[in-house]
Amino acid sequence: MILNDQIWRSLTGEGVRLPHALLFAGPAGVGKRELAEALAARLLCETPRGAHEPACGRCPSCVMMANGQHPDFRLVQPEADSAAEEGENQGEAEKKKASRQIRIQQIRELEDFFHVGGHRGGARVCVIDPAEAMNPIVANSLLKILEEPSPSFYFIMISHRWRNLLPTLLSRSRRVMFGPQPLEQSRRWLEEQKLAGEAKWLPFFGHAPLQLFDAVRSGRLKALEKLVNDLERPVEPLALAARWEGLVKEGAGLSIEDLVVTVQKWLHDLGMCRVGHAPRYFDRNAIAPLAQKTTLPALVRAQQQIAQLRAWANHPLNPRLFLEDLCVRAFKPLNS
Ligand SMILES: [Zn+2]
């Protein structure tokens, strides 16, 4: 099955003419990249396709797509993401050096791709992921290409923060909005990935099933499970800080920023319960008794303090002290 079925149907209907440039906008992990790749495969597929049908998966073009070697397809992304997707054969030092930005050279190479005719006489497709990884100079050089309309050339830009994009980029593309996935659809999709048992985590990941999928695959979910357990049964803050430092060092991919974000979600839910609303990320049965021990002003104060801490989460001078600070502030509302 394909997530975002409604969007797929709207883009692949009978007689639908796709624009030169599409912008897939919405939160991370809801399936924008997957849909872009499925659409690219359909556009390049050499077997005639009916309305809503995905690529055939068997023709020479589909085989080349599956092997990542289609001459009429380009994926433009920051080097750091390519390195992460290619896996473990790189040292940590090299991964750190890889850029998180799309470089101007990558767009110049696109110009050649754009001006030389297609290899297989059909469509050519370029996916840019994410568009916000282009600084204004790079985005402007892409705009020059976007301004030259060319039949059978398609750009699909992906953006988790589309409001930060240049207005000119927005005005030259048709925006398609993606949102959190409906629970039933996510559940069926997880079943297909043999992850039905993890569906209870969907609220925690903001109903972005691919974020959940990545967390399972990377092993990060196991560490998050321990973290959530600690929040639901809090003990002494300094002891927790030591445990959490251990979780980060375990190397399961859990960062200090993940810890801060999880604490923020937890405080948010305590606040919701305190005013009689349903929690958004955590299990109500676990959160509600804790919420009873807090006051709203104490929760708001803790939220403000932790929002400030978050700015330092990527590079704390002393991780242990940072985590002690985080835990003390996070659990203070429980003793108010
Ligand atoms: Zn095909």
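What's counted below: heavy atoms across the whole structure, side chains too, no hydrogens, waters or symmetry copies. One is the number of the first residue; the rest follow in order along the sequence. Order of listing sets the numbers, starting from 1, for every ligand and every atom in it. Note that this is a predicted model, so its numbers are computed, not measured.
- Identified under the side chain to side chain donor-acceptor pair (under 3.5 Å) test for residues 231-241, with sequence neighbours left out: N229-R233.
- Residue pairs meeting the side chain to side chain donor-acceptor pair (under 3.5 Å) criterion with at least one partner in residues 2-21, sequence neighbours excluded, are N4-Q181, T12-H52.
- Among residues at least two apart or in separate chains, there is no side chain to side chain donor-acceptor pair (under 3.5 Å) pair with a member in residues 276-289.
- Aromatic ring centroids of F322 and W244 lie 6.0 Å or more apart.
- L11 places a side-chain heavy atom less than 4.5 Å from the side chain of L22.
- Listed by chain and number, the protein atoms of type N/O/S under 2.8 Å from the Zn ion (ligand 1) are C45 SG, C56 SG, C59 SG, C62 SG; waters are omitted.
- In summary, the aromatic rings of F205 and F213 are positioned with their centroids too far apart to meet the 6.0 Å limit.
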